[in-house]
2 protein chains.
Amino acid sequence: MKETITSDELLTVLEALSNPYRLKIIAILYGKKQYVSELARELGISRPLLYMHLRKLEGAGLVQGHLELSESGKAMKYYELNSFSIPLNDQFIAQTAINLMIKRRKE
Amino acid sequence: MKETITSDELLTVLEALSNPYRLKIIAILYGKKQYVSELARELGISRPLLYMHLRKLEGAGLVQGHLELSESGKAMKYYELNSFSIPLNDQFIAQTAINLMIKRRKE
DNA sequence: TTCATATGTAATAATTATATTACACATGAA
DNA sequence: TTCATGTGTAATATAATTATTACATATGAA
């Protein structure tokens, strides 16, 4: 629903999307929510690794998670896909990246 | 000018765009070509590092380089920006990433 | 109680990505 | 010849990302 995007936000989104597992996660979550353990099984990866990927996607605002209580009373963490739309073309990137501050990697 | 894009190509483009210097390069090359040494000066980075970034952009098809002879007869390598347009939204990524093969990192 | 399932994280290892330094070689101009 | 400029890469160091292992804790069902 946001209309504007800063250069930093653009970079964060692009970094979040630059991994095959994270693209797969988006494909799986498209249209239906899923909980973490089942998602890990569908991807064939461990839960700690999945958490790392989900954090990057959530940090970029592309997905979001919430706890739900199952019928049997167990806590389940479900993730769902947020809708987003960024025009990835040369002009848009050029205009957005003008204000990009490049920070040092480390302290 | 391409109308279709495979999941592998999408990932390659997203990886190419997931770095601040490479976004900056696109901003600089937008509308005007530039040669490598001058580009390195504008970015404030070394030529070897710039070559590395340019190779990723060129590998994704976002820029292309060619040699030119300057008036004085020196070989200059110019890079220019290709036009491209990818609809970066949840539905497009989900549909494209379905056919994504995740390869092992190593042999 | 024991088993199968779930969430959540800390510590560490393995692999890539990023960045620097030091070269070689070529041209034109002073 | 020497200096300033250009292209191009090999070797290496540094930092970030990705991935694994090992935990702790909780619930429901058999």
Side-chain angles (χ1 to χ4, degrees), chain A residues 8 11-25 33-60 63-80 100-107, chain B residues 8 11-25 33-60 63-80 100-107:
Chain A
D8 278 359
L11 182 58
T12 300
V13 169
L14 290 170
E15 285 172 342
L17 294 175
S18 66
N19 176 279
Y21 283 122
R22 295 198 286 271
L23 294 187
K24 272 280 186 188
I25 289 170
K33 67 183 179 183
Q34 187 56 282
Y35 66 97
V36 175
S37 289
E38 179 59 24
L39 194 50
R41 277 190 293 268
E42 293 186 21
L43 289 165
I45 63 179
S46 64
R47 270 186 316 111
L49 180 55
L50 176 57
Y51 270 108
M52 185 272 283
H53 287 306
L54 286 172
R55 266 194 299 271
K56 295 208 175 184
L57 288 170
E58 194 162 25
V63 305
Q64 58 187 29
H66 62 275
L67 283 176
E68 277 186 35
L69 284 183
S70 69
E71 295 183 2
S72 55
K74 247 180 200 168
M76 318 279 279
K77 183 152 195 184
Y78 275 91
Y79 273 89
E80 58 187 309
L100 187 60
M101 285 286 100
I102 296 176
K103 7 190 181 327
R104 271 197 200 41
R105 1 173 38 222
K106 197 191 181 178
E107 200 64 14
Chain B
D8 278 358
L11 181 58
T12 300
V13 168
L14 291 170
E15 285 172 343
L17 294 175
S18 67
N19 175 279
Y21 284 122
R22 296 198 286 270
L23 294 187
K24 273 278 185 188
I25 290 170
K33 66 183 179 184
Q34 187 56 281
Y35 66 97
V36 175
S37 289
E38 178 60 22
L39 194 51
R41 278 191 293 269
E42 293 186 23
L43 289 165
I45 62 177
S46 64
R47 270 186 317 111
L49 179 55
L50 176 57
Y51 269 107
M52 185 272 283
H53 286 307
L54 286 172
R55 261 186 261 112
K56 294 207 175 183
L57 287 170
E58 193 163 26
V63 306
Q64 59 186 26
H66 62 275
L67 283 175
E68 277 187 35
L69 284 182
S70 69
E71 297 182 0
S72 55
K74 245 181 202 169
M76 317 280 279
K77 183 150 196 186
Y78 276 90
Y79 273 89
E80 58 188 310
L100 188 60
M101 284 287 99
I102 295 175
K103 4 189 181 329
R104 273 198 199 39
R105 3 174 35 223
K106 198 191 183 179
E107 199 65 14

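Order of the sequence lines fixes the chain letters, A, B, ..., with proteins taken first and strands second; residue numbering starts at 1 for each chain.
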Whole angstrom is fine here: how far is it from [atom1] in [X] over to [atom2] in [N]?
X: A/Met76; N: C/dA4; atom1: CE; atom2: C1'; result: 13 Å
X: B/Leu54; N: D/dT9; atom1: CG; atom2: P; result: 12 Å
X: A/Leu14; N: C/dA17; atom1: CG; atom2: C1'; result: 17 Å
X: A/Leu57; N: D/dT18; atom1: CG; atom2: C1'; result: 14 Å
X: B/Arg55; N: C/dA19; atom1: CZ; atom2: C1'; result: 13 Å
X: B/Lys56; N: C/dT16; atom1: NZ; atom2: P; result: 11 Å
X: A/Tyr51; N: C/dA10; atom1: OH; atom2: C1'; result: 14 Å
X: B/Glu68; N: D/dT7; atom1: CD; atom2: C1'; result: 14 Å

Could I get the full list of side chain to side chain contact (heavy atoms under 4.5 Å, CB included) partners for A/Glu38, not counting sequence neighbours?
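A/Gln34, A/Tyr35, A/Arg41, A/Glu42.
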Residues which pass side chain to side chain contact (heavy atoms under 4.5 Å, CB included) with B/Gln64, listed by chain and number, not counting sequence neighbours:
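Applying side chain to side chain contact (heavy atoms under 4.5 Å, CB included) to B/Gln64 gives B/Glu58, B/Glu80, B/Asn82.
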Heavy-atom check, side chain of A/Leu39 versus side chain of A/Lys77, under 4.5 Å:
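Side-chain contact under 4.5 Å: no.
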Residues within residues 33-41 of chain B bordering DNA chain D, heavy-atom distance below 4.0 Å
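Of all residues in residues 33-41 of chain B, the ones placing a heavy atom under 4.0 Å from DNA chain D are B/Tyr35, B/Val36, B/Ser37, B/Arg41.
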Would you give the length of the straight line joining atom CG of B/Leu17 to atom CG of A/Leu17, rounded to the nearest 0.5 angstrom?
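That separation rounds to 10.5 Å.
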Nearest-0.5 Å distance, CD1 of residue B/Ile25 to CG of residue B/Asn19:
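Answer for the CD1-CG pair, B/Ile25 versus B/Asn19, is 8.0 Å.
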Just jot down the side-chain hydrogen bond (donor to acceptor under 3.5 Å, both in side chains) partners of A/Lys74, sequence neighbours excluded, or say none.
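Not a single residue meets the side-chain hydrogen bond (donor to acceptor under 3.5 Å, both in side chains) criterion with A/Lys74.
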Going by the rule side-chain hydrogen bond (donor to acceptor under 3.5 Å, both in side chains), which residues pair with A/Ser70 if we only count those two or more places apart in sequence or in a different chain?
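Partners of A/Ser70 by the side-chain hydrogen bond (donor to acceptor under 3.5 Å, both in side chains) criterion, ordered by chain and then number, come out as A/Ser72.
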Heavy-atom closest contact ([X] atom, [Y] atom, distance):
X: A/Gly59; Y: A/Thr12; value: O-CG2, 4.2 Å
X: A/Ser18; Y: B/Leu14; value: CB-O, 3.8 Å
X: B/Leu43; Y: B/Tyr21; value: O-CE2, 4.3 Å

What does the B/S/- profile of nucleotides 19-30 of chain D look like, 5' to 3', with a 4.0 Å heavy-atom cutoff to protein?
BBBB----BS--
Do any side-chain atoms of residues 44-57 of chain B form donor-acceptor pairs under 3.5 angstrom with protein atoms, and if so which ones, sequence neighbours left out?
{"unit_1": "B/Ser46", "atom_1": "OG", "unit_2": "B/Leu49", "atom_2": "N", "d": "3.4"}
{"unit_1": "B/His53", "atom_1": "ND1", "unit_2": "B/Arg22", "atom_2": "NH1", "d": "3.0"}

Remember a base hit wins even if backbone is also touched, and classify B/Arg22 as base, sugar-phosphate or nothing at under 4.0 Å, heavy atoms.
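It contacts sugar-phosphate atoms only.
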Output field dot_bracket for DNA chain C (Watson-Crick or G-U, both distances under 3.5 Å, | for other-strand pairs) contains ||||||||||||||||||||||||||||||
